[in-house]
**Q** 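Here it is: the structure, laid out below.
Residue numbers start at 1 and run along the sequence shown. Only heavy atoms go into these numbers, but all of them, side chains included; no hydrogens, no water, no symmetry mates.
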Amino acid sequence: MCKLCRMVLKYFYPGKTGPFLLISAIILIISCTPPSQKKDHFTISGAAAPEINTDFGWLNSEKPFMMNDFRGKIVLLDFWTLGCINCQHIIPEIKELQKKFSREIVVVGVHSAKFRSEKENQRIRDAILKFGIDHPVVNDADYAVWKAYGVEAWPTLVLISPDGKIAFKNEGENVYNVMSMQIEKLIKEYAGQINTKPFLFKQYITKKQSSLLNFPSKMVADEHGNIWLSDYGNNRIVKIDLTGKIQEVIGKSMQGFEDGDFTTCSFNGPQGLALRDHQLFIADSKNNSIRVADLSTKQVKTVAGNGKMGYYFNDDKWNVPVLPNSPWDLLIDSDYLYIADAGNHQVLRMNLSDNKVFRFAGTGSEGIKDGNLKEATFSQPSGLTKKNNLIYVADPEASAVREIDLKTKNVKTIVGQGLFKFGDKDGNLKDALLQHCVGLDQYHGNIYVADTYNGKVKVINTRTNNITSVVTELNEPNDVLIIGDDLWITDTNNNQLIKFNLVNKTKKIVAVR
């Protein structure tokens, strides 16, 4: 989610139509400035901090909290929503602030959802576990806290002084330095008045223990019919046969950024996979890098990225190598590796002869604009597949599927109507609605889509321009893979794999062992 993408105004002004909504939409588009182009932070002095308790409850705490519970502490409020890549980017920075100011601050997450499904308590709890959040989080499903604090963007951080006043507000990424400076100012200003006893918080969420997998994500099949799977939450890659038996593991199942052999290397949130001969390419999302596992020598090395997030927008850096930014999926075509660069709302392309990465499609601004490669916009691209000369892109923040024509060098929208237009509607593509779709695959010319927040897999018939639900009752499916007549699905929040036979329409859980 672009850092300045405003909450859709219908949430706050229901019933407004016509020119009002047109003007609001124009304001929304103008406001969507990428993180490196616009920084919003400002001090608000004297205002009493509104209450943060809500009717929807606290998600990972044994009790609700009121502002008085934090009196004497500097409180850092983090307004976020679970599907927002920019919100995910600042989690490590918040952890660093917690570590540096462990005696002075308390961090509280305020989850103000964008998508309908993001309002559900269990879905947010799953995200808390997935992202390793270790501070109390409240569900602000009706935006009461969001509106009380005048928040307009994801992510937004607010500092509250030890005497309960709003002291500082910051929108967007790259928060560590600016927030650290403001916290130090408050420590100096309130010297002798701060409660330096560490705030003790015990997380009350039960982790699912029914599987060896932990938030499984992307998949790719090899020529022998085995599946390579990103076991995101365990920071490893596993190879399984079609019965679910684990054949091989890459990574020591610890968060890190180390090259080496399969038992000593480490990853941080591995996502997309692509195979070429004996090389398995891995989108190491939180390390902002592309890694390669040599299946012959059993060695892993980094071929693109250095751990830092690259930002480049509009006409900047089209013809020079760039860094990946939260790479989410991979696709190999001929001598190129295409990268769904979720963190920068672009598709990148790496030349496999020299491993140099260049911008391929997308300005870097978030949106759903069609056009040529340099003028089109994407919204957190997270899935890739190819049919003939067409690359299909799962574009979740716009709940869309986009198409890149490699011949004409143009981008067009197959299904999807905008950043805040989402739902669950099958039928003709021009009227159909998805909700935060993340993965896709093609089969016999049709496109199978992991409609993630709707908990479904849908199929786009490219001849009739219709979309139909195929598999339902899933929990945030992140990828689909077709082998023979079987549709494999990562049922991510249930920590399991599903196999659905496309001929006899049977669905079964594959026990990974």
Side-chain angles (χ1 to χ4, degrees), residues 59-60 82-83 88 111 113 115-133 139 203-220 227-246 249 253 269-273 285 328-329 382-383 394 396 424 434-441 448-458 469-483 486-502 505-513:
L59 299 160
N60 56 343
L82 65 92
Q88 296 173 35
H111 189 274
F115 290 96
R116 179 185 66 247
S117 293
E118 289 179 333
K119 299 175 185 287
E120 299 168 7
N121 279 357
Q122 188 54 52
R123 198 180 296 266
I124 308 169
R125 290 189 179 105
D126 288 337
I128 290 169
L129 290 175
K130 186 185 300 182
F131 302 145
I133 292 171
N139 185 357
Q203 187 114 269
Y204 280 82
I205 297 182
T206 302
K207 182 178 179 181
K208 296 182 178 74
Q209 300 290 343
S210 59
S211 172
L212 293 176
L213 304 177
N214 189 9
F215 299 112
S217 184
K218 301 293 188 180
M219 300 175 287
V220 68
I227 295 174
W228 292 90
L229 169 68
S230 287
D231 193 10
Y232 175 92
N234 284 325
N235 293 302
R236 64 179 185 170
I237 313 299
V238 296
K239 173 186 174 183
I240 64 171
D241 64 21
L242 297 186
T243 71
K245 185 176 181 180
I246 294 178
V249 176
S253 300
Q271 288 281 358
L273 304 170
S285 67
W328 223 257
D329 203 12
S382 300
D424 186 2
L434 304 171
Q435 190 178 191
H436 203 275
C437 48
V438 170
L440 36 69
D441 196 11
Y448 286 78
V449 182
D451 192 7
T452 306
Y453 284 179
N454 283 327
K456 296 182 176 182
V457 174
K458 300 187 177 184
S469 296
V470 178
V471 186
T472 61
E473 299 181 346
L474 304 168
N475 192 347
E476 286 200 21
N478 266 255
D479 204 13
V480 289
L481 175 67
I482 297 172
I483 302 175
D486 290 324
L487 171 66
W488 291 75
I489 307 161
T490 51
D491 192 17
T492 300
N493 282 9
N494 283 330
N495 294 327
Q496 64 188 13
L497 293 182
I498 299 291
K499 183 170 69 172
F500 179 83
N501 188 274
L502 294 169
K505 312 301 182 186
T506 56
K507 181 173 75 171
K508 65 176 290 187
I509 298 172
V510 178
V512 176
R513 60 198 190 283

**Q** Do R123 and Y453 have side chains that approach each other closer than 4.5 Å (heavy atoms only, starting at C-beta)?
**A** yes
**Q** Would you call Q271 and D479 a side-chain contact if the rule is heavy atoms closer than 4.5 Å?
**A** no
**Q** Looking at N139 and K119, would you say the former's side chain and the latter's main chain have a donor-acceptor pair under 3.5 Å?
**A** yes
**Q** Search all heavy atoms of R116 against all heavy atoms of N454 and return the closest pair with its distance.
**A** NH2-OD1, 3.4 Å
**Q** Going by heavy atoms in the side chains, are N214 and D231 under 4.5 Å from each other?
**A** yes
**Q** Please tell me if the side chains of F500 and K505 come closer than 4.5 Å, counting only heavy atoms from C-beta onward.
**A** yes
**Q** Working to the nearest 0.5 angstrom, can you tell me the gap between I237 CD1 and M219 CE?
**A** 13.0 Å
**Q** For L213, does its backbone N or O pair with a side-chain atom of N234 as donor and acceptor, under 3.5 Å?
**A** no
**Q** With H111, which residues qualify under ring pair (Phe, Tyr, Trp, His ring centres under 6.0 Å), at least two apart?
**A** W80
**Q** So which heavy atom on I489 is nearest to which on V457, and how close?
**A** CD1-CG2, 3.8 Å
**Q** In terms of the angle between their ring planes, are H436 and F115 parallel, tilted or perpendicular, with boundaries placed at 30° and 60°?
**A** perpendicular
**Q** Apply side-chain contact (heavy atoms from CB on, under 4.5 Å) to I483 and list each qualifying residue two or more places apart in sequence or on a separate chain.
**A** A221, I227, L242, L481, W488
**Q** Rounded to the nearest 0.5 Å, what separation is found between the CD1 atom of I240 and the CG atom of L497?
**A** 5.0 Å
**Q** For a 4.5 angstrom cut-off between non-hydrogen side-chain atoms, does V471 reach Y448?
**A** no
**Q** Given 3.5 Å as the limit, does a donor-acceptor pair link the side chain of Q496 with the main chain of I509, or not?
**A** no
**Q** State which residue, out of N493, T490, T492, fulfils the side chain to side chain donor-acceptor pair (under 3.5 Å) condition with N478.
**A** T492
**Q** Let me confirm one number: the OH-CD1 distance from Y204 to I128, rounded to the nearest 0.5 Å.
**A** 15.0 Å
**Q** Determine yes or no for a side-chain-to-main-chain donor-acceptor pair under 3.5 angstrom, with N475 supplying the side chain and D491 the backbone.
**A** no
**Q** Measuring only between side-chain heavy atoms, which start at C-beta, is Y232 closer than 4.5 Å to S285?
**A** yes
**Q** In Å, rounded to the nearest 0.5 Å, how long is the span from CG of L59 to CD of Q203?
**A** 10.0 Å
**Q** Is there a donor-acceptor contact under 3.5 Å from the side chain of R513 to the main chain of T243?
**A** yes
**Q** What's the shortest heavy-atom distance between L82 and A127, and which atoms?
**A** CB-CB, 3.7 Å
**Q** Determine the minimum heavy-atom distance between P396 and C437, stating which atoms define it.
**A** CB-O, 3.1 Å
**Q** My understanding is that only residues two or more places apart in sequence, or in another chain, count here; which of them pass salt bridge (charged side-chain N to carboxylate O under 4.0 Å, His left out) with D424?
**A** K456, K458
**Q** Out of curiosity, N494 CG to E473 CD, how far, rounded to the nearest 0.5 Å?
**A** 11.0 Å
**Q** First locate atom NZ of K507, then atom CG of L474, and finally report the distance between them rounded to the nearest 0.5 Å.
**A** 5.5 Å
**Q** Can you check whether G269's main-chain N or O pairs, donor with acceptor, with N235's side chain at less than 3.5 Å?
**A** yes
**Q** Taking K499's backbone N and O only, do any of them form a donor-acceptor pair with D486's side chain (distance below 3.5 Å, no angle check)?
**A** no
**Q** Tell me whether S230 contacts the main-chain N or O of S217 through its side chain, where contact means a donor paired with an acceptor under 3.5 Å.
**A** no
**Q** If you compare all heavy atoms of P477 against all heavy atoms of G455, which two are closest, and at what distance to 0.1 Å?
**A** CD-CA, 3.8 Å
**Q** Quick one: does any side-chain atom of R236 pair with a main-chain N or O of V249 as donor and acceptor, under 3.5 Å?
**A** no
